[in-house]
Number of protein chains: 2
Amino acid sequence: MPPKAKFTRAQLQTAALALVDRDGLGALSMRTLAATLGTGPMTLYNYVRDRGDLDALVVEGVMAEVKLPRDSGEWQRDVRAIVEATWRTVRCHPNVIPLVLTRRTLHETTLDWAEALLRALARSGRSGVDLLVAFRTVSGFVMGFAQAQLSDPLTPDEDQQDVARAQALPADRFPRLIEIAGAAAKLGADKEFRAGLDIVMAGLAR
Amino acid sequence: MPPKAKFTRAQLQTAALALVDRDGLGALSMRTLAATLGTGPMTLYNYVRDRGDLDALVVEGVMAEVKLPRDSGEWQRDVRAIVEATWRTVRCHPNVIPLVLTRRTLHETTLDWAEALLRALARSGRSGVDLLVAFRTVSGFVMGFAQAQLSDPLTPDEDQQDVARAQALPADRFPRLIEIAGAAAKLGADKEFRAGLDIVMAGLAR
DNA sequence: ACGTATTACGTACAATGTACGTTGTCAAGG
DNA sequence: CCTTGACAACGTACATTGTACGTAATACGT
């Protein structure tokens with residue numbers, strides 16, 4: 001019965017993700033996305049329930065890019081691999097991080113990700129509430145750290161402007177902040193994240 | 001010269017925060033806030049640069065409610081106290097969490113908070129990049145965990161609807177997720193958060 | 001008393017999400 | 001083959017958003 005669908009949900013997904021990657025979250029609207037696809041805004045509603053569903057689509061698109069590793073037997077290696085893989089793809093789409101943090105999605109890609117992390121954590125002997133706590137700690141760490149790192153006004157690795165602004169604030173009140181401001185530029189973002197992960201992993205291993 | 005200011009930034013702040021607490025983030029707009037204050041939208045621009053500044057004002061209002069503890073000499077006790085105090089106030093304003101995660105602010109309340117956490121962490125012997133990593137790990141954990149806990153579709157402590165939805169998903173593909181779904185209801189949110197903090201603290205203490 | 005800077009507020013416009021209606025297109029039943 | 005009905009594409013229209021701009025009122029320094 002259908003007169004042939006002109007697009008696909010997957011097409012909307014990649015187009016929306018590309019648009020957000022290039023122009024930021026604020027540039028994603030029904031009209032702009034429809035324009036990039038060469039159609040009107042209302043056409044999109046055949047593939048998406050509402051605007052919120054479009055956001056979920058973008059989140060799902062990012063989560064789908066996470067390459068979940070094979071089970072290696074060593075749970076610590078697996079957890080590290082999952083977390084680092086997540087961080088790598090999230091780092092490729094920094095504009096989407098607020099969405100990933102905020103939008104709750106029950107799509108299978110997100111569920112697969114959660115289940116994989118849970119499976120690895122369960123192999124440390126945890127179950128029930130302990131497993132829940134470990135899961136939330138790790139997943140909260142990934143997104144929280146990534147967001148903190150990529151939106152921290154005091155430590156934007158590329159922007160020297162804000163570093164100068166950090167140096168400008170009263171040194172008697174915020175000595176540690178000033179000390180920190182320079183440290184981020186020295187260490188790379190990758191090493192920085194891995195060092196944070198070391199802390200969490202040490203806590204999990206105890 | 002001024003014809004008597006009708007309002008204050010602080011008044012906008014408390015009104016906006018109350019509005020967000022009651023009706024959610026989406027209910028905060030220039031017009032709705034102006035309406036609660038009994039005036040027009042444009043009046044607000046005398047106290048706020050633009051809409052983004054209003055968001056920052058709300059974030060700042062929440063951060064100001066965090067009661068930072070006195071230095072006790074034991075850095076672990078201080079870090080715990082700061083983190084738990086943060087979580088307590090954030091828990092009172094769950095709708096603001098996405099904003100706190102997203103909006104970067106350089107206001108003194110946020111800077112005071114950061115400096116206090118840095119001071120406590122520095123007393124563990126860390127400095128430079130180690131201090132930076134520890135800071136981001138802890139601060140990322142707080143917000144990431146809180147957001148994960150309060151917006152997780154699988155474990156909303158009060159809403160039995162979503163728990164049922166979790167039980168409905170295929171048990172052969174997501175066994176751990178189903179196991180977890182029930183665990184959140186058993187443990188309270190407080191205990192859950194504190195258990196997560198235990199993990200991070202153990203990692204910091206190593 | 002007067003000028004001037006600053007606030008309060010109304011008007012107006014562009015952009016957004018989307019409810020609704022119309023039109024076109026396919027696939028199956030007579 | 002023709003009809004019919006379900007679904008997709010798309011246009012129109014409206015409410016709501018942020019805010020640029022202009023006008024009127026106010027309170028102080030001189």
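Since the structure is predicted, the reported quantities are computational estimates derived from the model, not experimental observations. Computed from heavy atoms alone, side chains included, the values below leave out hydrogens, waters and symmetry copies. The sequence lines fix the lettering, A, B, ..., with proteins before strands; numbering per chain opens at 1.
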Check: Expressed in angstrom and rounded to an integer, what is the separation of A:L33 atom CG from C:dA15 atom P?
Finding: 17 Å

Item checked: Letter per nucleotide, 5' to 3', of nucleotides 10-20 of chain D [B base touched, S only sugar-phosphate touched, - untouched; heavy atoms, 4.0 Å] -> BBBB---BBBB

Item checked: A:R77, CZ: over 12 other non-hydrogen atoms inside 6.0 angstrom -> no

Next item on the list: Give every residue pair that meets the salt bridge (Lys or Arg N to Asp or Glu O under 4.0 Å) criterion with at least one member in residues 10-38 of chain A, sequence neighbours excluded.
Entry: none

Next item on the list: Check whether any side-chain N or O of B:T8 sits under 3.5 Å from a backbone N or O of B:A10 as a donor-acceptor pair, and report yes or no.
Entry: no

Note to self: Expressed as a whole number of angstroms, how long is the span from B:L12:CG to C:dT7:P?
What the structure shows: 13 Å

Next item on the list: For A:T32 and A:A27, indicate whether the former's side chain and the latter's backbone hold a donor-acceptor pair under 3.5 Å.
Entry: yes

Next item on the list: Look at the rings of A:Y47 and A:F7 and say which category their plane angle falls in: under 30° parallel, 30 to 60° tilted, over 60° perpendicular.
Entry: perpendicular

Notebook entry, point to check: Nearest-Å distance, CG (B:L37) to C1' (C:dC9)?
Noted result: 14 Å

